[in-house]
Structures are given as C-alpha cells and as structure tokens.
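The structure appears below as structure tokens.
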Number of protein chains: 2
Amino acid sequence: MRSVAKGAAGRTARLCRPEYPAIAPLAAPPAAPRGAVPAGAVSDRALPLNEILIGDTIAQMAALPAGSVDLVFADPPYNLQLGGELKRPDESRVDAVDDHWDQFESFAAYDAFTRAWLLAARRALKPNGTMFVIGSYHNIFRVGALMQDLGFWILNDIVWRKANPMPNFRGRRFTNAHETLIWAARSADSKYTFNYEALKAGNEDVQVRSDWLFPLCTGQERLKDEKGRKLHPTQKPEALLARVLLSSTKPGDVVLDPFFGSGTTGAVAKRLRRSFIGIEREETYAEAARARIAAVEPLPEEALVAPPSAREAPRVAFSALVERGFVTPGAELTDAKGRFRAVVRADGTISLADSPNVGSIHRVGALAQGAEACNGWTFWHVEEEGRRHPIDILRARLRAEMGIAAE
Amino acid sequence: MRSVAKGAAGRTARLCRPEYPAIAPLAAPPAAPRGAVPAGAVSDRALPLNEILIGDTIAQMAALPAGSVDLVFADPPYNLQLGGELKRPDESRVDAVDDHWDQFESFAAYDAFTRAWLLAARRALKPNGTMFVIGSYHNIFRVGALMQDLGFWILNDIVWRKANPMPNFRGRRFTNAHETLIWAARSADSKYTFNYEALKAGNEDVQVRSDWLFPLCTGQERLKDEKGRKLHPTQKPEALLARVLLSSTKPGDVVLDPFFGSGTTGAVAKRLRRSFIGIEREETYAEAARARIAAVEPLPEEALVAPPSAREAPRVAFSALVERGFVTPGAELTDAKGRFRAVVRADGTISLADSPNVGSIHRVGALAQGAEACNGWTFWHVEEEGRRHPIDILRARLRAEMGIAAE
DNA sequence: TGAACGGATGAATCCTACA
DNA sequence: ATGTAGGATTCATCCGTTC
C-alpha cells in the first residue's frame, strides 16, 4: 500500500506534462471521447501518461482512475514448468526463462494472481475499451477462462506464428512455433474500436486473419545489457505491438501495459502517437525502457491520420512492408519520373502530396494520374541511395525474407 | 443409467468381430503393446472396436474398460447455447444467455459437462495414451484449463489454419481463420507415441510445427443429406484427422471419438488401419457415418510401415562390434578432425591417448572434449582406406548382418 | 567489397532402457 | 521406485571473421 500511495503522489506533479506531445486531435477529439461513460465510473484525476510506474502491478492499477484507458496490452508471466536444463544437440545450453517472477506454486496460485490482475485491468478500462493478453499453452487457457468468467467478451483469439521459432531439440513434440493472443472487449456490449478498413487496405485489400506471421525479436531490435546479453528474456517484436495498436486504437488513445518489461508497448505507442502507462516491478527493466522510449521519434501526424470511412473504400496494399520496416511511415513515394509525390502512413495507406487524398497505393496512384485504375506496386517508387525503385521490389524483399514460412 | 447398461449389453455380442480386419502386426505387435499397464486398471473385456455406440457419451465412456484406448480425439460442442446436454449438475436446464449471471451459469454448466466427459475420457485412456481436443475461442480455454486441472499434461497446442475460412461479414473483428487443438498426455510421466521421424520425413525433412494449414471440409468430401444440404454442421477435414492419427498412433492402435458426428475419425482410422470406437447421440449421424466408413478401403499395409527410427532401433553395444570383428582391439579411433585419439580395448571400452582415462565410447568422448555428454557413435571415427568414417556405420553394418536394419 | 563460413541463440513444461 | 548410463536430437536468423 505504501508504494501505491507514494507512486500516486509522486505522479501527480508530472501528470500535466507528458514526456512528448500528445496527439493532435486529428481523427478523434482527445477529451471524453469514444462513447458515453457512466457517470461516476471515471475519475477526473489525470493519468500518469507516458510514464513507467514501479511496483506491484495490481496495486498500481488499483491506484489508477477507473474507466480511464482505451486498451490494455498484457504480457503476464507464463508459469512455465521446466524440468532440468535443456541442451541442444551440440551440447550448448538453452537459456530458459527460469526467472523467479515466472514461478508459481500451483495452478491455484497462478489463477488467483491472474484473476486479481485481470480484475484490476478491467476496472481501469473504459467501458468501450479492449484488452490483448498474450500467452502460451502453459497459461493461456487459464487466462482465457478467467477472462470469460470476469465478464470480458472475447472478440478473437489470435495466433502469432513465429517465423523463426526455437526448434524442438529432442524430437518429442511438434515445434512450439506460435503464441496466442486473446483480444477481448470489457463486456459484451462494448462499442469497441476496430480499424477494419485500414487493416484491410494494408493487407492487399483482404481482411486480416486471426493468424499473424512475425519473426522473433532478435538482432538490433533486441535490447542488450552491458555484457551484451539479452536484457529481458521475453521481449516482444515491435511489429506485433504495431499491429495490436493499429487495429484497436486511435491516435491519442491511452494504452496500459501492466507487465511493461523492456517497454516495447511504450516504444510502439510513442511511435504511433498513442499514450502509454507502463507498470513494471523491476527498476532495471524500467530504466532501460525509459532510455529506449526516449530515443523513439513519433511518426509524422500525416502518417497516422485516421483512415477514410468505409464509404470511401480505400484500396491499399502494403501495411506488411510498413509493419516490418521495409518502408518507414512518413517516407516519400514518387512515380518513376518524380512528377507525383505521396507520403506513407503507418497503417499502409498513403496520402498524395498537396492534396487531401488518402488511400491505397493503387487508388492514390490512379488519382494522381487522373486514371481509373493503377497498379500501385509498379507506379510508386522509393528512392534508395539515389536510385528510384518500384515499391514492388520491397515486397519481393519481404517475401524473400519470409521464405517458405509465408507459404 | 438405463442407456448405459443397454449400450454395454448390446455391444458385447459383437465385440469379437470388428467390421474390418485389425491391423497386421507390421511395426508393433497388436496384443498388450505399449508399455506396462498397472494391474487391475485394465479390464480384460474386449472393446467394441470399429463400432458406433449410440447414446450419452459420458455414460458410454464409463461403460468402456478403463485404460483401454491409445488415443482420444474429441470435437466437443463449442456453443454454450447448444441446450440439450447443457444442464446444471442438478439436471435443471440453463436459461438463455442474456446477462452476466446467466452467462456465468452457462459457463458453469459447460464446465460441469466438460469436466465430466474429460474425466470419462481420461479413464478410458491407457496410461501412455494421449488426447486431442479441438475447439474455438468460445470453448477451448475452458477445456484447456480443465484438462490441466484433471492431470492431463499438455504437449502442444496446435493451430489449424484454415486455408479458406469464412470471411467476417460485419467487419468488426479479425477473420476467425483458425481453430485450436490441444494435444495432451494422460499424465506428465506418460511415455506417449510421437512419430517424429515419419512426420519430419514427410515435411521436407524439417520438423513439423504447431501451426498446420488445411482447407475446410468442402466439395465431394462433405457429406450431404438427401436434400443436398450439409449433413453435419462441423464435419472436419480428413487431412486434419490423418495428421492427428499419423503423429500420435501406430497401426492397430485404438482411437476413441466421444463426439463421433459424421465419422471422420472412423473413416480416417480405417483408412490408416487403426481401430476406432465412436460414440454419437444421434442415430441419424451414426447411420451416415456407418455408410461412409463402410466405403473406405484401408491403405495397403506397405503404405503404413513406419520409416526406420534410430530411437526404436535395437541397441547394439560397442563391445558387440569388437566381439564380431567389426573393430579390432588395438585399433585407433579419432574424432572427425583427428584432434583426439583413443585405442579400442578387447572388452569394448576405449582408452584415451596420453591419459589414464578408460571407459565407454560415450564417456571417453565426453572426457576428451571436456563436455558433459557425448554420442560416441558419431564422435569417434575409424580410418578405412584412407577415409574417416564415424563408428556408427560399423554399427549399421552389424545391424544389417543381423537382419534387423530393415526395420 | 563481397561471398563463405562458423558460432550463437530464441517464453521449452524436450529421453529411456536397464540395473 | 530410483539411479545410472547409453545415446539421440535443431531451424531460422543474425553477426563476426575469414578468404
């Protein structure tokens, strides 16, 4: 209790000055948005936006005003139950997640913990808010059942298919090649946010499915400690968080992450001009997360403008390139001769320069030329090292990288 | 209770005459196979093989001998509003799902039903048996949590990615493009069947992952009623069942399907020369399933022979190689690069050069490298005609000579 | 400069026959 | 039941070094 009170007190002084400017009211007004909120359910107390609260996540959530966040993204302990150590065929040791925070005495203990943080998160959610929880077969069934018991309304279960999972070294099971996300509304009657058109437009004009393919978080993206070892055992890829936030929030929305860890949620939220509230028990992680987030540059607002309404039927096609970093939101596209220019947006649509037109690469290409139709993949070009390439080659690169995994 | 007794009595007369011949003993002997079974746990009563039992699935399972089936494949009802079997433990009926209370009541009823059939299935399983359960986000979390509570040991959760899912018409969610299977052993110490090598060999020599891609059951495969409408609402594709059976059973094994429906499990079991026990409440479905299964031709036995598996090959001691003259005492062994040397001794041990260490090929190999363990068969090499071969090929020669290598 | 190669590593409930 | 020893087992990707 002490730490909660202290955290709350320490916060209030800074609340009016978030670390970086909140979103310009482009699409949705930032104040009191998103549907009616029952009187009394929401405190007027300001939120500790874009901060990391240190301490017990349940207590910290309890100290937040009720009904105040638009989205919860939670990556709770998985309660792995590992036996001895596991070695690869070459006798090297697998660096398993054996941290103390992942150890629970029993299913009952894990359930009690899960129930408590789920309740606290549900309290913090706006009535129309939604929540993502990620887990593996070790814990996700318990989490899902408890969510249903507590009144959450499951909208989808989503499969993160790992492009490069760790193999099964002993050949005794199927390669554990995915994790599961549960996406749920606070209740069955929530009027939740789902950016259907933008997602579809960024996915070759096909609805986004419940199975997502992303590589693990490795290489440059993976945070390292001073000795070059991974800083956090379970850092999630930014591409995964980007799809989560782009699908279920608007610019300016508030995202709560009760298991903040290395701060992926905060970094992506800042880049996409959402606000975040992180809760983390270990100061070491929080410190690294702060530095990480400070280095993030929010995308240009034009890259995040809410997509056109369904009636305007955007025809877009390349959000995967954006999510995966093959094109940067804000990057400029031109036609082969440089007569037309457009800017890439984070959701995979593009906006034509000197005009209000926003839409898919195909539609905006047609608009620019005054033509009825246009293949955006060959019409639009990016400049790399002084040379213009059609964006189709970026798509080819992505396909090459995905290899067989993309099927 | 009446139906149970009747079902059991009606069965016994036919039990000794399965519909089609049981498997020839290709890979595994059909009688009393697959590990020790605690005395008293298994009844000697014959099983109703390759039949469809009509009636309540829990009662019918309870009438089966305990510890008698190798695999359970279960496709339980997903929908909480299915009515019928959804009753409270006191047999009162559950009202419509309107508000939270009823929702809770409904979940409780579903849980009670699930727990009951899971317990009955677990009782029917051999100690080393495994179970697959398929479901969607509506029910799979409850099923999975209950399985863990009842002592099942989850081996994998598997995602059936639908190649051609039904689109989401209202555009309010991600396309629900997958279903989840849970694969679990009866208990954590089960010595379960997993045909790792065969699966890998059939998958471009890469181990099979936890995400499987199959089309829905449509077209010719989909059973139709006399009016041309689909006979059963949730008929599963045979390809899915084939992978389930091929991964976790041997020819001749007994597969129990407590929600038999249109009989996909039976049809695939027959084709793959496994035996099945189906339980189905509705005679209409059972009738169609019987006709369907009768038309199935079992695959030729040669098509079902398991590929050789190093794990299952008979053990050959290194001393046997020495005794049989495949290696001469005093011969020199080296590692692949010739950095370490050892001398073969007459008793099948080896001694490391320039050291007092004597022991098995494995122990001395580990010692030489300073490793904890070592597979001496692949580590140590002999020189023949100027070329180095791992001593494993000498073992293969001995096995060939013994006539075992064919299997 | 680039290709080729070797080493490292990722939320992992990862063996089994025999004494 | 428990301990000991035999011996079977990995995919995609990134990074640094070598050729």
Could you check whether Arg243(B) makes a cation-pi contact with Trp212(B), meaning its NZ or CZ is under 6.0 Å from the centre of the six-membered ring and within 45° of the ring axis? yes

How is Ile154(B) classified with respect to the nucleic acid when contacts are heavy atoms under 4.0 Å: base, sugar-phosphate, or nothing? base

Which residue, Arg311(B) or Val94(A), contacts DNA chain C at a nucleotide closer to its 5' end, judged by nearest heavy atom? Val94(A)

Of the nucleotides dA12(C), dC15(C), dT9(D), which has the atom closest to the Met166(A) side chain? dA12(C)

Which nucleotide in the set dA8(D), dA11(C), dT13(C) lies at the smallest distance from any side-chain heavy atom of Lys162(A)? dA11(C)

Using a heavy-atom cut-off of 4.0 Å across all strands, would you classify Pro237(A) as base, sugar-phosphate, or nothing? nothing

Please round to the nearest 0.5 Å and tell me the distance separating atom CZ of Arg115(B) and atom CG of Leu150(B). 5.0 Å

Report which part of the nucleic acid Arg93(A) touches: base, sugar-phosphate, or nothing (heavy-atom distance under 4.0 Å, all strands). nothing

Which distance, rounded to the nearest 0.5 Å, do you find between the OG1 of Thr175(A) and the CG of Asp211(B)? 9.0 Å

State which residue, out of Lys126(B), Arg186(B), Lys250(B), fulfils the salt bridge (Lys or Arg N to Asp or Glu O under 4.0 Å) condition with Asp70(B). Lys126(B)

Under 6.0 Å from the ring centre and within 45 degrees of the ring axis: does the NZ or CZ of Arg172(A) meet both conditions for the six-membered ring of Tyr196(B)? no

According to the 5.5 Å centroid and 30° plane-angle thresholds, does Trp153(B) stack upon the nucleobase of dT13(C)? yes

Considering just the side-chain nitrogens and oxygens of Tyr196(B), establish if one lies under 4.0 Å of OP1 or OP2 belonging to dT10(D). yes

What contact category does Gly84(A) fall into here, base, sugar-phosphate, or nothing, at under 4.0 angstrom with non-hydrogen atoms? base

What is the pairing partner of dT10(D), taking Watson-Crick or G-U wobble pairs with both distances under 3.5 Å in any strand? none

Ranking dT13(C), dT10(D), dG7(D) by distance to the side chain of Phe169(A), first place goes to dT10(D)

Any base atoms under 4.0 Å from Ala310(B), or only sugar-phosphate, or nothing? Heavy atoms, all strands. sugar-phosphate

Could you state the CH2-P distance from Trp380(B) to dG6(D), rounded to the nearest angstrom? 14 Å

Could you tell me whether the phosphate oxygens of dA8(D), OP1 or OP2, come under 4.0 Å of any side-chain nitrogen or oxygen in Arg170(A)? no

In this structure, how many angstroms lie between the P atom of dG10(C) and the CG atom of Leu82(A), rounded? 14 Å

How far does the C1' atom of dA11(C) sit from the matching atom of dC15(D), given to the nearest Å? 23 Å

Nucleotide opposite dT13(C) in a Watson-Crick or G-U pair, distances under 3.5 Å: none

Answer with base, sugar-phosphate or nothing: what part of the nucleic acid does Glu85(A) contact at a heavy-atom distance below 4.0 Å? base

Closest nucleotide among dT10(D), dG6(D), dA12(C) to the His362(B) side chain: dG6(D)

How would you label the contact of Ala188(B) with the nucleic acid (heavy atoms, under 4.0 Å): base, sugar-phosphate, or nothing? nothing

Roughly, in whole Å, what's the span from CD in Gln369(B) to C1' in dG7(D)? 14 Å

Identify the nucleotide, in any strand shown, that forms a Watson-Crick or G-U wobble pair with dA4(C), with both distances under 3.5 Å; if there is none, say none. dT17(D)

So, is Thr218(A) near the phosphate of dT13(D), with a side-chain N or O under 4.0 Å from OP1 or OP2? no

Please determine, for the side chain of Tyr78(A), which listed nucleotide (dT13(D), dT13(C), dA11(C)) has the closest atom? dA11(C)

Is it the case that the base of dG7(D) and the side chain of Arg363(B) share a donor-acceptor contact (distance under 3.5 Å, atom types as modelled)? no

Please check if the side chain of Glu280(A) supplies one atom and the backbone of Glu282(A) the other of a donor-acceptor pair under 3.5 Å. yes

Return whichever of Asp95(A) or Phe107(A) has its heavy-atom-nearest nucleotide of DNA chain C closer to the 5' end. Asp95(A)

To the nearest Å, give me how far apart CZ (Arg186(B)) and P (dT13(C)) are. 23 Å

Is dT10(D) syn or anti, taking syn as a glycosidic angle within 90° of 0? anti

Please test Arg292(A) against Thr264(A) for side-chain hydrogen bond (donor to acceptor under 3.5 Å, both in side chains), starting from the C-alpha separation and ending with a verdict. CA-CA 9 Å; Arg292(A) 172 187 186 183; Thr264(A) 307; 3.1 Å; yes

Separation of Glu221(A) atom CD from dT13(D) atom P, in whole Å? 15 Å

Expressed as a whole number of angstroms, how long is the span from Arg173(A):CZ to dC11(D):P? 17 Å

Which part of the nucleic acid, if any, lies within contact of Thr175(A), taking any heavy atom under 4.0 Å across all strands shown: a base, the sugar-phosphate backbone alone, or nothing? nothing

OP1 or OP2 of dC15(D) sitting under 4.0 Å from any side-chain N/O of Gln220(A)? yes

Below 4.0 Å: OP1/OP2 of dG10(C) and any side-chain N or O of Lys230(A): yes

Out of dG7(D), dA11(C), dT13(C), minimum distance to the side chain of Asp75(A) belongs to dA11(C)

Asn195(B) side chain to Leu246(B) backbone, donor-acceptor under 3.5 Å: yes

If the cut-off is 4.0 Å, is Arg172(A) near the phosphate of dT10(D), judged by side-chain N/O to OP1 or OP2? no

Nearest-Å distance, CG (Leu223(A)) to C1' (dC14(D))? 16 Å

Of the listed dA8(D), dA11(C), dT13(C), the closest approach to the Arg222(A) side chain comes from dA11(C)

Does Asn375(B) place a side-chain N or O at less than 4.0 Å from the phosphate oxygens OP1/OP2 of dA8(D)? yes

Taking only side-chain nitrogens and oxygens of Arg315(B), does any of them come within less than 4.0 Å of OP1 or OP2 of dA5(D)? no

On a whole-Å scale, what distance lies between the C1' atoms belonging to dA12(C) and dT9(D)? 14 Å

Shortest side-chain distance from Tyr137(A), nucleotide among dT9(D), dT13(C), dA11(C): dT13(C)

Has Arg88(A) got a side-chain N or O lying under 4.0 Å from the OP1 or OP2 atom of dG10(C)? no

Picking from dT13(D), dT9(C), dT13(C), the nucleotide nearest the side-chain atoms of Asn176(A) would be dT13(C)

Separation between the C1' atoms of dG7(D) and dC14(C), rounded to whole Å: 15 Å

Nucleotide dT2(D), atom P - distance to CG of Asp189(B) in whole Å: 11 Å

Could you check whether any side-chain N or O of Asn156(A) sits under 3.5 Å from a backbone N or O of Ile158(A), counting only pairs where one atom can act as donor and the other as acceptor? no

Using purine N1 to pyrimidine N3 plus N6-O4 or O6-N4 for Watson-Crick, or N1-O2 and O6-N3 for G-U wobble, both under 3.5 Å, which nucleotide pairs with dA19(C)? dT2(D)

Phosphate-side-chain proximity, Lys87(A) and dA12(C), N/O vs OP1/OP2 below 4.0 Å: no

Which value, in whole Å, describes the distance between the C1' atoms of nucleotides dT1(C) and dT18(D)? 14 Å

Testing dT10(D), dA11(C), dA12(D) for proximity to the side chain of Asn164(A), the answer is dA12(D)

Are Phe340(B) and Trp380(B), when compared by the centres of their aromatic rings, separated by less than 6.0 Å? no

